[in-house]
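This structure is a prediction, so every number in the text was calculated from the model and none was measured. Numbered from 1 within each chain, the chains take letters A, B, ... in sequence-line order.
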Amino acid sequence: MGELQLMKGNEALAEAAIRAGCKGYFGYPITPQSEILEYLSEHGPPRGMTVLQAESEVASINMVYGAAGAGARAMTSSSSPGISLMQEGLSYIACAELPCLIVNVNRGGPGLGTIQPSQGDYFQSTKGGGHGDYRLIVLAPSSVQEMASFVFEGFDLADRYRNPVLILADGALGQMMEKVTFPAYDPEEHRILKPWATDGARDGKERRIITSLHIQPEKMEELNLRLEAKYNLIREQEVRFELVEAADADILIVAYGLSARIAHRAVDLARERGINAGLLRPISLFPFPTEAIRALAERVRGVLVVEMNAGQMVEDVRLAVEGAVPVRWFGRMGGIVPSPDEVLQVIEQMDGAPQETVAEEVYQ
Amino acid sequence: MAEVTEKPAQEKKLTLKDFQSDQDVRWCPGCGDYSILAQVQRVFPEFDHKRENYVAISGIGCSSRFPYYLDVFGLHGIHGRAPAIASGVKLANPDLNVWVFTGDGDGLSIGGNHLIHMLRRNLDIKIVLFNNEIYGLTKGQYSPTSVIGQVTKSTPGGSLDYPFIPVTLALGAETTFVARTMDRDPKHLQEMIRRAEQHRGSAFLEIYQNCNVFNDGAFFQFTEKESRADNVVYLEHGKPLVFGKAKDKGIRVNGFTPEVVSIADGSHSVSDLLVHNEEDTTLAAILADMTRNPGLPRPMGVFLADKRETYDAALTRQVAKARAGAADTDLQALLDGEETWVIQ
């Protein structure tokens, strides 16, 4: 096992990137994630990493495009407004099928918004974000440990599927300090062949061109179908979630990231009051744990989605539940983090309400 | 019946207070931005504009908090996009007196593209760029004007990025008015704001501004009273470039290369010195280029004040011409055309 350390989420993530063999980091300062750039600027170069503060997030993602195209493990990080600027590049990278890691330390929006934590970028992260039919693999950490672990996992997934991977965190996870253990990880052992990379015409290699242009509609559709097949494989193979007290739950909470930590506490409080609450925490937001939610929906009385946004993941939960039981939503916005007591109140209402009433509330 | 001639009501004279908003100014204590705000508020009332025609537009950064503190209509926009937003504002309502407040990060990194295109179009917009050679709002990373080797939070080993010289960039972008001043010379700062205001077209004003928290003293040799006279040469139209505490030094041009000569030791006289001409684009480029030479004093003042039709004026003219030439045509007549037939 690795060594135990006390670190800020942003710094743990940055340290993990170096240990994961990331060769290129390209970023731009923005609160609340500038520590990633700063940590890597200090610790990256001595350990073999190129770190460049670009002139904008648009430049950052295109530098990632280039570095990933050349076959290197490359990443960028930003917060919500900066991630919006990267959407064009992400669409191209997804179409060109290049592996890379993007980190969004989500803050409140829309617009310039706040610098406080939020989960308002769920739609943007999981539904594509840029133009065209594509998906990112989205991992949602809920602890400093996962801020670090998901970097290793993210790079491996990106390489395996030749697809950009997004770590969707939030301002609180980036700023909080917790203990973290770095796993033993040798990038060399995880290195895979990249026969598509534009890494030089040595040894009589055939010419390679990376592009996202397929002007003939038949060719483009062929690519679309291939991408869809890949996304379906990802849906089959890479769903990740955590269950807490879900086996005998009457009320199931679905929450990810920071909200899941709050929901976990609310579940404990509810259990102390004799209410059988449980939690399903999606870890991969794409692919979404649709089947797991659907299976649990058969056994619970109601589902509660807790998010720090105006109700985004709740749409995917409703699609999963397919009306089997009522689905309620609770959230706070603007950078405000809900308290476990607020969530508990909603659980208590759901617990006390007859089935029909709960159902009506959902669709009013 | 006696003819009543109505005297137009005397417009209320504007004062400094008219431009002070009720917002708490939230810059760090000691920031150079306070001086810039104070001088703008002092000078704006002098101008021949109704208060309601002033607009302050900004992007993101410490400088970009300006619209909150200046009591005029404002638009706090998107990082780097203020020049584009300002272009939209000016073209939607050419009567407005549009001022963009930006910084070296906002204006020259992500905003570099928008900035150069606004400048070359020569829209009648004033752009004030606070240069502190650092990112202040995000707490101390290097900017596009940070010097080579500068140690910042994102360059612990020293910056490798070669910096822009903002006035040189503006000249390269075909700007018709280019000037430079500093936060610690309020009189000169006021004068440069006046000059920018008087210019018709894009006016680019760079202000050396001290970030006393993340890049303290970056310009002290130019801005502090004890060192300023020997390190700054003030540009004045039609006057020779003389500087120094005792006014004993001057700038002579040897070929295209400016050099410092003494006018006190008998080797040279004032008549040997370069005489500033604000309308000379070649001279402007030579003067701006002095910035890269640490052996030369730093020019402050108006580098270039050129005359060229503004984009907004040209647009208005073109639209008027097109309208005048257009016949008063009936749409149905156009659709019917000359050759119409009915399918039976």
Side-chain angles (χ1 to χ4, degrees), chain A residues 8 10-11 14 18 25-63 76-89 105 107 109-115 171 174-175, chain B residues 26 57-62 64-65 67-68 74-82 84-85 102-116 133-146 150-164 169 211 214-215:
Chain A
K8 243 185 182 186
N10 285 334
E11 293 176 348
I18 302 172
Y25 171 88
F26 309 96
Y28 188 81
I30 183 171
T31 312
Q33 65 79 54
S34 297
E35 294 86 357
I36 298 174
L37 166 67
E38 291 168 0
Y39 186 96
L40 289 175
S41 297
E42 186 176 349
H43 300 282
R47 290 153 74 186
M49 189 173 180
T50 296
V51 179
L52 195 156
Q53 178 184 303
E55 68 273 24
S56 71
E57 293 84 350
V58 179
S60 305
I61 193 68
N62 282 288
M63 289 174 184
T76 183
S77 68
S78 189
S79 182
S80 308
I83 298 291
S84 289
L85 284 164
M86 294 184 190
Q87 295 306 320
E88 175 193 53
V105 184
R107 58 190 244 184
L112 193 53
T114 70
I115 55 171
Q175 297 296 323
Chain B
R26 275 193 259 163
I57 296 173
S58 67
I60 308 300
C62 296
S64 293
R65 297 199 57 77
Y68 295 115
L75 205 162
H76 184 197
I78 304 178
H79 193 37
R81 319 295 183 200
I85 294 169
T102 184
D104 45 310
D106 185 59
L108 300 178
S109 56
I110 191 167
N113 184 37
H114 300 299
L115 179 69
I116 57 173
E133 298 186 347
I134 197 80
Y135 284 132
L137 196 70
T138 51
K139 300 180 183 162
Q141 301 84 12
Y142 71 112
S143 89
T145 55
S146 294
Q150 190 166 325
V151 174
T152 72
K153 281 188 191 163
S154 56
T155 50
S159 174
L160 306 173
D161 256 33
Y162 199 78
F164 275 133
L169 180 77
C211 174
F214 296 110
N215 197 19

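- A donor and an acceptor atom, one from each side chain of A:Ser34 and B:Tyr135, are nowhere located under 3.5 Å apart.
- Atom CZ of B:Phe164 has 12 or fewer heavy atoms from other residues, nucleotides or ligands within 6.0 Å.
- Here the CD-CG distance, from A:Glu55 to B:Leu108, works out to 11.5 Å after rounding to the nearest 0.5 Å.
- Only the side chain of A:Tyr28 comes within contact range of chain B, with heavy atoms under 4.5 Å apart.
- Atom NZ of B:Lys153 sits about 8.0 Å away from atom CD of A:Glu35, to the nearest 0.5 Å.
- Here B:Thr138 contributes atom OG1 and A:Glu38 contributes atom CD; the two are 7.5 Å apart, rounded to the nearest 0.5 Å.
- Applying the 6.0 Å contact sphere to CD of A:Gln87 captures more than 12 heavy atoms from other residues, nucleotides or ligands.
- When all heavy atoms of B:Gln141 and A:Pro29 are compared, the pair lying nearest together is OE1-CB, 3.4 Å.
- A 4.5 Å side-chain heavy-atom check between B:His79 and A:Leu112 finds every atom pair outside the cut-off.
- Residue contact with chain B, scored on non-hydrogen atoms closer than 4.5 Å, involves the backbone of A:Ile30 exclusively.
- In this structure, CG on B:Leu160 lies 8.5 Å from CG on A:Leu52, to the nearest 0.5 angstrom.
- Interface remark: B:Ile78 contributes no atoms to any contact with chain A (heavy atom separation under 4.5 Å).
- At least one donor-acceptor pair under 3.5 Å links the side chain of A:Gln53 to the backbone N or O of B:Tyr142.
- Nearest heavy-atom pair, B:Pro156 versus A:Ser41, reported as atom, atom and distance to 0.1 Å: CG-O, 3.4 Å.
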